[in-house]
There are 2 protein chains.
Amino acid sequence: MNIADQTFPAIEAANEDRAQAIRDQLRDAIVDRRLAPGTKLSEGEVGTLFDVSRTVARAALQMLSFEGLVRTERNRGAFVANPSPEEARQVFASRRLIEPGIAIAAAGRMTPAHVAAFKAQLDEEGRFIAERGPNARRSEIKASGDFHLLLASVAGNVILQRFMEELVARSSLVIALYGRSGISSCGHNEHTQILEALENGNAERASALMLHHIDHIEADLDLRVRSGPALRQALEF
Amino acid sequence: MNIADQTFPAIEAANEDRAQAIRDQLRDAIVDRRLAPGTKLSEGEVGTLFDVSRTVARAALQMLSFEGLVRTERNRGAFVANPSPEEARQVFASRRLIEPGIAIAAAGRMTPAHVAAFKAQLDEEGRFIAERGPNARRSEIKASGDFHLLLASVAGNVILQRFMEELVARSSLVIALYGRSGISSCGHNEHTQILEALENGNAERASALMLHHIDHIEADLDLRVRSGPALRQALEF
DNA sequence: TTCGCAAAGATCGTATGCAATCTTTTTCAT
DNA sequence: ATGAAAAAGATTGCATACGATCTTTGCGAA
């Protein structure tokens, strides 16, 4: 799970913002758990891996720390975030507050093109659930989150969309740490139901289903403190 | 309104994160309108003003751009954000979704100490409203936002608190650009009412009052596009 | 061995330098 | 004058360098 063992796709070509590209790759790696919570992300290694200077690597890590996916300690560096049970609760409390509203907004803006995009998304999700192997698991995690992000994009509020991107990514970390049953594949049926409600323009139902869905995901977590949160943190694990 | 004309309090001493300190100062300057939307914030000038290298200044500006208070364009630099009417609507739509929930959460966690803090906050707000002069106006703007931030801190969810910090700051920019009646001092009474509801533990009422309060603030805006949004943006003004 | 402490090594925070890009000014033909 | 093109200047993007801080290693005493 060391970052040096990771392989990152494609070369960061383009004269576009390279720090942003690196951030995206690292975020994906964190979200689908190729990088475990607590993993050290040193500026030098990141820079070497992506073939940029520390300056750019540092900027990418700073971005991730704003998103809460990375924790930085002064003079010690950056680590994949290791959310405490309390943080985990706050992530889901935030989602319970925001995401039902997003569902309502999205219900009022669904077009046939959106419906098609959702169907394709759910198909993909289903395919990965059926497959075996760790790569399929990763893709499944990613796809499950992408459903929520697609919903947020349909809602048409870029601010809320960014909030949701952060919350979905952090949720993945939380589930990785505290999830009981490996994955939230239980959610697939619920996703389907939510899409149905959206398709029918039934905003209230979509909203209620979303709330339940979030509750179910959180119910699958074991947020009891195990060895005392301080120790856990202190050991970076 | 040039940044070079600004004076920033205190020296950025401490071996703590200087970029963060600079970000805070710049944010305050933007929020209470010492820096107008569209103002150029060059790395060099910021660095000189705060007596740090461009590296640190750049980091501070990057942080502000994540918060949506600053817009950065590749190879062109950073500018105080100039939110479009659409962005303005999204800011308030986000607040309508989040802040009533925050009020509910806060209502369930109010302690006597919190009540005292709110009272002090409202007192200060009232004092600035009574005063004359541009400095009082600035302080009034700041205080009005601080009420909402205090509420968010009482709610006890640091994630939502950060979201609110961003939204309140961006609201100030929006009001500066699109506000009809100079300031939202109209809100003072409403703040008082909200506190009353919180004090009585009446979560539903606090939530409803907050929703109305946000609506009132937004109703004071004139979000009609004036000279075409493209032109406005193109002229950086 | 085991503990503490010092030296060596690694990593971070920040300043600075250079090329690339953008902006402004100057120049010149229409 | 006016407008286009070129030159000069300013600013950014990025790499690199160096001191400061942290981490690890090595060594000697209990």
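Note on naming: letters A, B, ... go to the chains in the order of the sequence lines (proteins, then strands), and numbering restarts at 1 for each one.
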Nearest-nucleotide check on DNA chain D, B:Leu41 vs A:Val56; residue mapping nearer the 5' end is B:Leu41

Going by the angle between their ring planes, with limits at 30° and 60°, are A:His191 and A:His148 parallel, tilted or perpendicular?
-> perpendicular

Atom CD of A:Gln20 and atom P of D:dG13: how far apart are they, to the nearest Å?
-> 12 Å

Length of the CD-C1' vector between B:Glu43 and C:dT14, whole Å | 14 Å

Ignoring the backbone of A:Arg76, work out which of D:dC14, C:dG13, D:dC22 is nearest its side chain.
-> D:dC22

Spacing between B:Asp17 atom CG and C:dC12 atom P, to the nearest angstrom | 15 Å

Does a donor on one side chain sit under 3.5 Å from an acceptor on the other, for B:Arg95 and B:Ser171?
-> yes

A:Ile159 versus B:Leu167: any side-chain heavy-atom pair under 4.5 Å?
-> yes

Find the distance B:Phe50:CZ to C:dT14:P and express it as a whole number of Å.
-> 15 Å

Residue B:Arg58, side-chain heavy atoms: nucleotide from D:dT12, D:dG13, C:dC12 that is nearest = D:dG13

What is the distance, rounded to the nearest whole Å, between atom CG of A:Leu61 and atom P of C:dT14?
-> 15 Å

CA sep, side-chain torsions, deciding dist, call: A:Glu218, A:Arg96, salt bridge (charged side-chain N to carboxylate O under 4.0 Å, His left out) = CA-CA 10 Å; A:Glu218 190 175 6; A:Arg96 270 197 301 272; 2.4 Å; yes

B:Asp51 atom CG: more than 12 heavy-atom contacts under 6.0 Å = no

Would you say the base of D:dG13 and the side-chain of B:Arg54 have a donor-acceptor pair closer than 3.5 Å?
-> yes

To the nearest angstrom, how far is B:Arg74 atom CZ from C:dT21 atom C1'?
-> 10 Å

Given atom CG of B:Asn75 and atom C1' of C:dT21, what is their separation to the nearest angstrom?
-> 5 Å

Residue whose nearest DNA chain D nucleotide is more 5′ - A:Asp51 or B:Ser42 = B:Ser42

Please state whether the phosphate of D:dC14, meaning OP1 or OP2, lies under 4.0 angstrom from any side-chain nitrogen or oxygen of A:Arg18.
-> yes

For B:Thr55, report the nucleic acid contact type (base, sugar-phosphate, nothing); a contact means any heavy atom under 4.0 Å.
-> base

